[in-house]
Amino acid sequence: MSHNIKKRFIAGAVCPRCAEMDRIVVFEQEGQQRRECVACGYSDILIIQPDQVELPTRVNPADKKKEDVTPQPIKFFPNPRLKKQSENSNKTD
């Protein structure tokens, strides 16, 4: 085993054995991704499946095509309540 293994802590990760948070480190050893708990010593191999399909959400719609939207001007109307409040404050001065 090499002593130059670069280990990274995973923020928010919880150990499956001891349930301690922020104690999991991830590193690569012999071409395999591994995770290890520094609190209890739990260790296992991470199996990463690159063929996983991302679930469609409102952020990344799967089949939604971008529609041609023509820009339109925005019309702002004055708020009548704001006008009345400013007139009332001027009359009391």
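Computed from a predicted structure; not experimentally measured. Counting begins at 1 with the first residue of the sequence.
Contact check for C37 versus C18: side-chain heavy atoms found under the 4.5 Å cut-off. Side chains of E36 and F27 form a contact here, defined as non-hydrogen atoms less than 4.5 Å apart.
Sorted by first and then second residue, the salt bridge (Lys or Arg N to Asp or Glu O under 4.0 Å) pairs with a member in residues 18-34 form an empty list; sequence neighbours excluded.
Atom SG of residue C15 and atom CZ of residue R35 lie 8.0 Å apart, to the nearest 0.5 angstrom. Once rounded to the nearest 0.5 Å, the distance linking OG of S43 with CD of Q29 reads 7.5 Å. Separation of atoms CD1 (I47) and CD (Q32) is listed at 9.0 Å; rounding is to 0.5 Å.
The side-chain contact (heavy atoms from CB on, under 4.5 Å) test with K7 is passed by exactly one of V26, I24, V25, V38: V25.
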